[in-house]
Engineer: 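Here's a structure for you.
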Protein chains: 2
Amino acid sequence: MNGTSDPPLTMKDMAALAGVSESTVSRALADHPTIAAKTRARIQALSAEHGYTINPVARSLRSRQTRTLAVVIPLFHDKAQHLSDPFFSLILGHLADAAASRGYDMLLSKVVDLDYAWVGKAVETRRADAVIVIGQSLAHEAIAAAAHRGTPVVAWGAKVDAAGYTTVGSDNRMGGDLAASQLLDSGRRRLAFLGDRRLPEIAQRFEGFVEAHRRRGLTYDPALVVDARFEPEEARRDLLPLVRGAVQLDGVVAASDLIAISMIQVLNEAGRRTPRDVGIVGFDDTPVAAHTNPPLTTIRQDIRRGAELLVELALKLAAGDEVGSVELPVELIVRGSTSSD
Amino acid sequence: MNGTSDPPLTMKDMAALAGVSESTVSRALADHPTIAAKTRARIQALSAEHGYTINPVARSLRSRQTRTLAVVIPLFHDKAQHLSDPFFSLILGHLADAAASRGYDMLLSKVVDLDYAWVGKAVETRRADAVIVIGQSLAHEAIAAAAHRGTPVVAWGAKVDAAGYTTVGSDNRMGGDLAASQLLDSGRRRLAFLGDRRLPEIAQRFEGFVEAHRRRGLTYDPALVVDARFEPEEARRDLLPLVRGAVQLDGVVAASDLIAISMIQVLNEAGRRTPRDVGIVGFDDTPVAAHTNPPLTTIRQDIRRGAELLVELALKLAAGDEVGSVELPVELIVRGSTSSD
DNA sequence: TTGTAAGCGTTATCAT
DNA sequence: ATGATAACGCTTACAA
């Protein structure tokens, strides 16, 4: 069992095999129309037969494109396993599909610290043709800066006017509104909002939450607004004071399913049952949502479509085209955590 | 706002700027000792100042290494979002860290169909120096074949004797044993095992489950063994017959936290409470586990260490070194889903 | 200690 | 419709 394999075939080898020049092989494999259809077919068959594949590195060096997309996930502080949120793996999976279907590879970078320079780094060091940032997070300016430098970058997140870069994201205001409305319409009046409003997406969900109250001539209690973090352990710490405190609450709009789940647990420990005492709405409709106890009413984001758009727009930008930001519709999924029976 | 940026600096530019030859720049940036320390420092400073970075594509073409690791996630059986399991995102995050700390990029491929050829494809098409496969899944033979072809490949999964390839994984037998023992020692006697035993890792967990019974002179009821799938929706379908059927059970060993959570829900709907009526142990200790209702007793895998080893061994293989497989210890984390009070 | 020059495997520009 | 030939930007013998 010798681990050494033969040196891989080169285009020169294929040219010799086919009895043509290298240029012809190159063109044939690129489906260049100036090559006779017959020659093209013959060379393609020959390549398949011999298992020849174009060396992507050489191709990149010459053609100046990498056929690779960089996907960047902001992740400040290691302890905060932001990436552990099922949302990230969901979108990652869909991105991988979308990239692969266009023949693109996907380079994954997890970004840990507050060094904002990383946005666009993959492109500027010619490792990728474009960058997709998942969650504008606190890096708003860094993304905008990269975009202004001419780096093709698309971010998943909130559509921010005059942001100076392209975004794909959900209609977060509508989401927050739908969530709060579902609770208000079942007669609940003391709603909490849980989520870190420094993030643009969350801020917009909160706006929807406020708007749902306003439209009904109601007001919310600021004491019930908590900047809960995404990581379950931290979310728990953020939520405890709210539940232990004296303020009443009978409904919860959470910025993610994970936060909603943490809240259910914290309430449970305090002897408050969901949905009897407190109705809860999550966000994302991650796979766990339907299988928690009780099942979670939540706002579904169209992540698959979002991922496709991210890839499509990123590649258009890389090709020098103009593109506009997109806001995708969301959907309320009603389950046990809000039902009144 | 003109999107066009200046053409990036090349090594030739830097050589001119520094008043030396290209080779000197190359060597200086590579910390080659034959270059005078002073020259080295000067050139490195100059590069930093001008924001010059070596073109990785050109470097790869010449040096014949990509400084990239391919990470492959098999996704057959359950065409559904296997990737949605929090376990994958956890290990992905840690792999990204481990790769980055060695200056390696991480290429992500999600593999969907039964085309086994993909293992090693990234290496054989010279896109990556080595492959890391997450979950040997049903691709056992494909991984072994790639390894025999001389492709540097390391898989996360069960250590299989004579597999012919390198694995890093948990001591799954110990995990299954610990889980079952925890339930048996609290007096439960009718334990179910939930997990697809076609997967080598799960099969080993089941062996541990059996061994825990055997050691105590007990036997398990084969009617309580269900090949539950990982995806929550499917897991649910797999579990329903068990709970609706006439067989009694008072304990559950699940092959993943997500399956455990699904089981709690299904039991709940049938009016059976956890842990009062049925004790449950999960596997993985994913971030949700501590925050479900009730919190999940589970087997913790050392995923961080695992990811580091995967990268380390993959790079050693790529360098032509011999390496051995590693089996990591697991730990029982006791929470509410098994407590008897 | 540094410089010269060849070559990695493609694609693109000319020719023919 | 196809072929020669020159880059692409770097690393590494070999020379000096």
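Convention: sequence-line order gives letters A, B, ...; per-chain numbering from 1. A quick note: this is a predicted structure, and the numbers were derived from the prediction, not measured.
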Engineer: Under 3.5 Å, is there a donor-acceptor pair between the B/Thr151 and B/Glu124 side chains?
Structural biologist: yes
Engineer: State yes or no: are the ring centers of B/Tyr165 and B/His140 separated by less than 6.0 Å?
Structural biologist: yes
Engineer: Short question: side chain of A/Arg40, backbone of A/Ile35 - any donor-acceptor pair under 3.5 Å?
Structural biologist: yes
Engineer: Which pair of non-hydrogen atoms, one from A/Arg126 and one from B/Val57, has the smallest distance, and what is that distance?
Structural biologist: O-CG2, 3.8 Å
Engineer: Report, as a single string ordered 5' to 3', how protein heavy atoms within less than 4.0 Å touch nucleotides 10-16 of chain D: B base, S sugar-phosphate only, - not at all.
Structural biologist: BBBBB--
Engineer: Within the 4.0 Å heavy-atom criterion, would you say B/Val57 contacts the bases, only the backbone, or no part of the nucleic acid?
Structural biologist: nothing
Engineer: Just by distance, with hydrogens left out, do B/Ser170 and B/Glu327 show a side-chain donor and acceptor under 3.5 Å apart?
Structural biologist: no
Engineer: Main chain of B/Ala155, side chain of B/Thr167: is a donor-acceptor contact present, judged purely on distance under 3.5 Å?
Structural biologist: no
Engineer: Check whether B/Ser26 reaches the backbone of B/Glu22 with its side chain - one donor and one acceptor, N or O, closer than 3.5 Å.
Structural biologist: no
Engineer: Tell me: CG of B/Leu61 to P of D/dG9, nearest whole Å?
Structural biologist: 12 Å
Engineer: Report yes or no: does B/His148 contribute a side-chain atom to a donor-acceptor pair with the main-chain N or O of B/Ala144 at less than 3.5 Å?
Structural biologist: yes
Engineer: Output yes when a side-chain donor or acceptor of B/Thr68 lies under 3.5 Å from a complementary backbone atom of B/Thr66, and no otherwise.
Structural biologist: yes
Engineer: Taking 5' to 3' order, which nucleotide of DNA chain C is first and which is last to have an atom within less than 4.0 Å of a heavy atom in chain B?
Structural biologist: C/dT1 to C/dG9
Engineer: Near DNA chain D, under 4.0 Å by heavy atom, which residues of residues 28-47 of chain A?
Structural biologist: A/Thr34, A/Ile35, A/Ala36, A/Thr39
Engineer: For atom CD of A/Glu49, is the number of surrounding heavy atoms from other residues, nucleotides or ligands below 6.0 Å larger than 12?
Structural biologist: yes
